[in-house]
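Side chains are part of it too, since the values below use all heavy atoms of this structure and drop only hydrogens, waters and symmetry mates. Computed from a prediction, not measured in an experiment: that's the story for all the values here.
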2 protein chains.
Amino acid sequence: MSDEQLSKATETLIGALGRQSAFWGLGRMAGEMYAVLYLSPEPLSLEAIANSLQVTKGNISIAIRQLEQLGMVRRSWRMGDRRVFFEAETDFWRIAHSVLGLRQKPEFDQSFALVEESLQLLEQAEPSPERDYAKARLESLQEFYRLLDGVVEVALTVKPEELKSMVEMFNEARNK
Amino acid sequence: MSDEQLSKATETLIGALGRQSAFWGLGRMAGEMYAVLYLSPEPLSLEAIANSLQVTKGNISIAIRQLEQLGMVRRSWRMGDRRVFFEAETDFWRIAHSVLGLRQKPEFDQSFALVEESLQLLEQAEPSPERDYAKARLESLQEFYRLLDGVVEVALTVKPEELKSMVEMFNEARNK
DNA sequence: TAATACGTTTACTACGTATTAAACGTCATT
DNA sequence: AATGACGTTTAATACGTAGTAAACGTATTA
């Protein structure tokens, strides 16, 4: 690293995305790796990543798979080089799509299905004030889930520019 | 428990919200406790919660604080009873507000600040292709953060009915 | 065929967090 | 004052996951 400021800047981003990634349940390592790749002008080898993060190869090998599966990182090859290179997907919109679809949505669906199951159990229960109360609560929860589902659906359908102008529209309307 | 189906339904919801809660980084316990309270027609004592989840009082005492701080649970008292009772906040809209504000937003802001810091470090760096590339990347990341921030802002500003009708509008437009 | 350079897998260790049991402080009741 | 019923705190433990080092498989080169 010739430029001190540049490497400091990289370290700072590594810290930022590591935090973020851990917070969202992806593991600190995954975010840190993404940060390294995101700032690198050209694809990096597995070993290069391991060096810049001071961890072992095996560690990277496992973590990189998560990132690949989520569409946050791609592999590439160079002719005459047996090594595998990785580069970051830089289109956050695309990343948001795949992460929501592959990670959040399944979890959401699972939960939704369980609420439905719970509701069906209540249908079979003896009518009683307790049952009726629980039933009302579950239906209310279900409605909220449906709203959330709809919001996400919309967010993934519109184009980013559309979304951006929508947001601006709202903010203008609110500020007067 | 007089009604077998009712308690099965409760257990199912406990499982669902426990999963969900752990997934979102709140800890399994917190979600399970919320589920118990959410389905209970009247406030429950600390010990009652501990019994229904088969854990110790101390455990509940700690976890309940999280839920209180996030506005997901409230304390209440009964005259002539020294015990503390807890009841679930059932307005998910309100919960969404406070969770986003108290939990997600600070984390987001922290990350945003670090990206900015990183960007400022780059300003001071020697001009070079690597620096310029990194700078472009960070600016792009910043723009995405701003968009996200705006979306959340809007989502928290509009009333739930407004949001709901917006979603419906979009879906109709999309389906023709 | 031997030797080297990879990436992956595996068994082990280290670490942080969740959970418990017990001690503690407080308040009401006797 | 003494006792008992609370909720909270604390120290110890259990548990799951993150991370390492080394073995492994495979392809490439000599």
*Whole angstrom is fine here: how far is it from CZ in R83(B) over to P in dG4(D)?*
18 Å
_Gap between atoms CZ and C1', on F85(B) and dG7(D) respectively (whole Å)_ = 13 Å
*asked:* Rounding to an integer number of Å, can you tell me how far I49(A) CD1 sits from dG19(D) P?
replied: 15 Å
*Do Q5(A) and L122(B) have side-chain heavy atoms sitting under 4.5 Å apart?*
no
*Donor-acceptor pair, side chain of S118(B) and main chain of L114(B), under 3.5 angstrom*: no
*Between OG of S165(A) and NZ of K159(A), what distance do you get to the nearest 0.5 Å?*
11.0 Å
Scan the side chains in residues 144-151 of chain B for donor-acceptor partners under 3.5 Å anywhere in the protein, sequence neighbours excluded, and list what turns up.
residue	atom	partner	partner atom	Å
Y145(B)	OH	Q20(A)	NE2	3.3
Y145(B)	OH	S111(B)	OG	3.2

_Pairing of E126(B) and R131(B) as salt bridge, 4.0 angstrom limit_ = no
*Mind checking ring-ring contact (aromatic ring centres under 6.0 Å, His included) for F86(A) and listing every partner two or more places apart, or none if nothing turns up?*
none
Interface polar pairs with nucleotides 8-14 of chain C, N/O, under 3.5 angstrom:
residue	atom	partner	partner atom	Å
dT8(C)	OP1	R75(A)	NH1	3.4
dT8(C)	OP1	R75(A)	NH2	3.2
dT8(C)	OP2	S61(A)	OG	2.8
dT8(C)	O5'	S61(A)	OG	3.4
dT9(C)	OP2	R65(A)	NH1	2.8
dT9(C)	OP2	R65(A)	NH2	3.3

*asked:* Is it true that, when you exclude E47(B) itself, more than 12 heavy atoms of the residues, nucleotides or ligands shown sit nearer than 6.0 Å to its CD?
replied: no
*Between I60(B) (CD1) and dA21(C) (C1'), how many Å, whole number?*
15 Å
*Nearest whole angstrom, please: distance from the C1' of dA5(D) to the CD of E47(B).*
9 Å
*With the sugar-phosphate defined as primed atoms, P, OP1 and OP2, and the base as all remaining atoms, what B/S/- string results for nucleotides 24-30 of chain C, 5' to 3', for protein heavy atoms under 4.0 Å?*
---BS--
*F108(A) and F23(B): CA distance, side-chain angles, deciding distance, ring pair (Phe, Tyr, Trp, His ring centres under 6.0 Å) verdict*: CA-CA 10 Å; F108(A) 181 87; F23(B) 183 79; over 10 Å; no
*Carboxylate-amine/guanidinium contact R74(B) E89(B), below 4.0 Å*: yes
*Have a look at I64(B) and tell me which of N59(B), I49(B), L46(B), V84(B) forms a side-chain contact (heavy atoms from CB on, under 4.5 Å) with it.*
I49(B)
*By a strict heavy-atom criterion of less than 4.0 Å, which residues belonging to residues 16-42 of chain A are in contact with DNA chain D?*
R28(A), M29(A)
*Between dG7(D) atom P and N51(B) atom CG, what is the distance in whole Å?*
12 Å
_Range-with-range stems for DNA chain D, at least three Watson-Crick or G-U pairs under 3.5 Å_ = C:1-30 with D:1-30
_Using the rule given for side-chain hydrogen bond (donor to acceptor under 3.5 Å, both in side chains), can you reason through Q142(A) versus E116(A), listing the C-alpha separation, both sets of side-chain angles and the distance that settles it, and then say yes or no?_
CA-CA 8 Å; Q142(A) 225 177 19; E116(A) 204 145 57; 3.3 Å; yes
_Ring centre gap for Y38(A) and F92(A) strictly below 6.0 Å_ = yes
_Residues R19(A) and E107(B) bridged, charged N to O under 4.0 Å_ = yes
